[in-house]
Amino acid sequence: MTIPLKTGAEIEAMRTACRLASEVLDVLTPFVKPGVTTLELDRIAHDHMTRVQGGVPATLGYQPPGYPPFPASICTSVNHQVCHGIPNERPLKNGDIVNIDVTVIKDGWHGDNSRMFVVGEGSIAARRLCQVTYEAMWKGIVKVRPGARLGDIGHAIQSFAEAAGYSVVREFCGHGVGRKFHEEPQVLHYGRPGTLEELKPGMIFTIEPMINMGRREIRELGDGWTIVTRDRSLSAQWEHTVLVTETGYEVLTLSAGSPPPPAFVQASAQPPAPVTV
Ligand code: MF3
Ligand code: CO
Ligand code: CO
């Protein structure tokens with residue numbers, strides 16, 4: 001297994017691509033309301049990435065072996081859709097939950113992130129699923145530091161999600177990201193502490209747990225992309241791109257509209273705030 005280690009200049013380029021990916025979600029946020037279609041959100045995101053950011057939507061035409069080309073510039077996964085949902089003409093309605101996943105290529109580097117949105121007023125159960133999944137992602141992020149292992153991340157996410165009564169999707173995982181959309185390592189969202197690859201400074205990968213309210217089993221729809229829960233229970237996902245630093249981690253996919261980290265996240269693990277005089 002060879003996990004790319006990014007150099008200083010490469011990390012700087014990734015900071016830019018990742019900030020842009022997060023800013024696309026900021027731009028979409030006010031539009032995620034009852035009545036909007038996911039195709040309208042796709043157009044807004046596409047225009048922003050291409051015209052404002054001078055970037056390229058990584059998902060548009062993306063075609064891993066065995067898949068048809070992905071037909072849109074974002075993924076929109078609604079309710080029991082787990083991931084890779086294709087934007088369409090159906091208006092979102094009050095109470096829906098939707099994951100919007102944005103990957104921007106800027107100067108050849110990929111920034112990958114997603115957030116959950118509750119459309120209008122969601123049920124308490126739906127909001128809890130989104131909140132627990134957000135905290136589960138962060139439970140994984142705070143494990144990131146040199147010397148930790150990938151299994152530490154997976155275990156932290158799995159134990160937290162399962163203690164809340166939910167299940168973790170196994171078939172999809174986080175991934176190394178850089179010049180390539182998906183590269184080594186695979187970042188499982190379940191596992192055992194102390195197992196798998198040791199983290200080293202300069203690694204960049206996503207953490208993007210998919211958490212189901214019901215059973216963990218999934219199936220693929222006939223469009224060749226959309227993944228849904230087999231039992232049609234609700235599913236949530238959040239995603240950040242994370243750098244392993246000398247002392248811990250740096251979340252790269254942050255912008256003005258990023259939700260604040262949960263209270264259990266130590267401020268000290270973040271890069272020191274710039275001192276202004
Ligand atoms: N952005 C997704 C991820 O987090 C991948 C989407 S691939 C697509 O890895 F083709 F479905 F868009
Ligand atoms: Co990803
Ligand atoms: Co993504």
Side-chain angles (χ1 to χ4, degrees), residues 14-60 62 70 72-79 81-88 92 96-106 109-120 122 126-127 129-131 133-138 140-141 172 174-175 177 181 204-211 235-243 250-262 265 270:
M14 281 298 285
R15 283 196 182 102
T16 299
C18 288
R19 177 179 45 80
L20 294 179
S22 185
E23 286 174 357
V24 175
L25 291 168
D26 296 353
V27 165
L28 291 175
T29 297
F31 294 97
V32 186
K33 291 271 150 57
V36 77
T37 71
T38 47
L39 211 47
E40 285 165 352
L41 299 174
D42 179 60
R43 185 189 52 75
I44 294 164
H46 178 94
D47 286 0
H48 190 79
M49 285 186 259
T50 57
R51 297 181 198 208
V52 179
Q53 297 183 330
V56 174
T59 63
L60 187 59
Y62 182 61
F70 193 82
S73 299
I74 56 175
C75 298
T76 53
S77 304
V78 181
N79 294 337
Q81 296 180 346
V82 173
C83 62
H84 305 166
I86 299 173
N88 63 28
L92 294 175
D96 283 345
I97 61 170
V98 57
N99 174 273
I100 303 181
D101 194 333
V102 174
T103 310
V104 182
I105 310 171
K106 178 67 178 178
W109 296 90
H110 293 70
D112 187 7
N113 69 163
S114 78
R115 298 182 197 159
M116 291 304 294
F117 297 83
V118 178
V119 181
R127 285 189 279 122
L129 175 68
C130 295
Q131 179 63 29
T133 304
Y134 184 63
E135 292 179 10
M137 173 186 67
W138 275 100
I141 291 172
F172 298 91
H175 51 92
V177 57
F181 193 167
I204 297 181
F205 50 79
T206 72
I207 298 179
E208 49 179 303
M210 285 141 274
I211 305 296
S235 186
Q237 178 179 31
W238 291 79
E239 177 177 27
H240 269 314
T241 300
V242 179
L243 164 72
E250 179 182 333
V251 176
L252 301 182
T253 36
L254 291 176
S255 58
S258 300
V265 177
Q270 291 293 313

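Treat the numbers as computed from the prediction; the structure is a model and nothing was measured. In this chain, residues are counted from 1 in sequence order.
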Does any donor atom in the side chain of [X] or [Y] lie under 3.5 Å from an acceptor atom in the other side chain?
X      : Y      : answer
Asp112 : Thr241 : no
His240 : Glu208 : no
Thr103 : His110 : no

[X] [atom1] to [Y] [atom2] distance, which is reported to the nearest 0.5 Å:
X      : Y      : atom1 : atom2 : answer
Ile211 : Glu135 : CD1   : CD    : 12.0 Å
Glu40  : Asn88  : CD    : CG    : 11.0 Å
Ile86  : Leu39  : CD1   : CG    : 11.0 Å
Asp101 : Met116 : CG    : CE    : 11.0 Å
Gln53  : Ile105 : CD    : CD1   : 12.5 Å
Cys75  : Gln81  : SG    : CD    : 10.5 Å

Could you tell me which non-hydrogen atom of [X] sits nearest to which non-hydrogen atom of [Y], and how far apart they are?
X      : Y      : value
Thr133 : Ala236 : OG1-CB, 3.5 Å
Ala21  : Gly111 : CB-O, 3.3 Å
Leu252 : Met14  : CD1-CB, 4.2 Å
Pro57  : Thr50  : CD-CG2, 3.9 Å
Ser77  : Gly85  : OG-N, 3.1 Å
Cys130 : Ile97  : SG-CG2, 4.0 Å

Query - Salt bridge Glu239-Arg115, side-chain N to carboxylate O under 4.0 Å - result: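 Arg115 and Glu239: not salt-bridged.
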
Strictly distance-based, threshold 3.5 Å: is any side-chain N or O of [X] a donor or acceptor partner for the main-chain N or O of [Y]?
X      : Y      : answer
Tyr134 : Leu129 : no
Asn79  : Asp96  : no
Arg19  : Ser255 : no
Asp42  : Ser73  : yes
Asn99  : Gln237 : yes
Ser22  : Cys18  : no

Requested in this report: For the residue pair Phe181 and Tyr62, categorise the inter-ring angle as parallel (less than 30°), tilted (30 to 60°) or perpendicular (more than 60°).
Outcome: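 Aromatic pair Phe181/Tyr62 classed tilted.
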
Requested in this report: Apply the test side-chain contact (heavy atoms from CB on, under 4.5 Å) to residues Val52 and Glu23: give CA-CA distance (whole Å), side-chain angles for both, the deciding distance (0.1 Å), then the verdict.
Outcome: CA-CA 11 Å; Val52 179; Glu23 286 174 357; over 6 Å; no

Query raised in the report: Checking side chain to side chain contact (heavy atoms under 4.5 Å, CB included) against Val36, which of Val119, Leu92, Val98 comes through?
Result: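 The residue from Val119, Leu92, Val98 that satisfies side chain to side chain contact (heavy atoms under 4.5 Å, CB included) with Val36 turns out to be Leu92.
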
Requested in this report: Please say which of Leu25, Val24, Asn113, Thr38 ends up in a side chain to side chain contact (heavy atoms under 4.5 Å, CB included) with Ile100.
Outcome: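 Checked Leu25, Val24, Asn113, Thr38 against Ile100; only one passes side chain to side chain contact (heavy atoms under 4.5 Å, CB included): Leu25.
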
Query raised in the report: Strictly under 6.0 Å, is that where the ring centroids of Phe172 and His84 end up?
Result: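 Ring centroids of Phe172 and His84 are less than 6.0 Å from each other.
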
Query raised in the report: Are any of the side-chain heavy atoms of Val177 and Ile204 separated by less than 4.5 Å?
Result: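 In short, these two side chains touch, coming nearer than 4.5 Å.
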
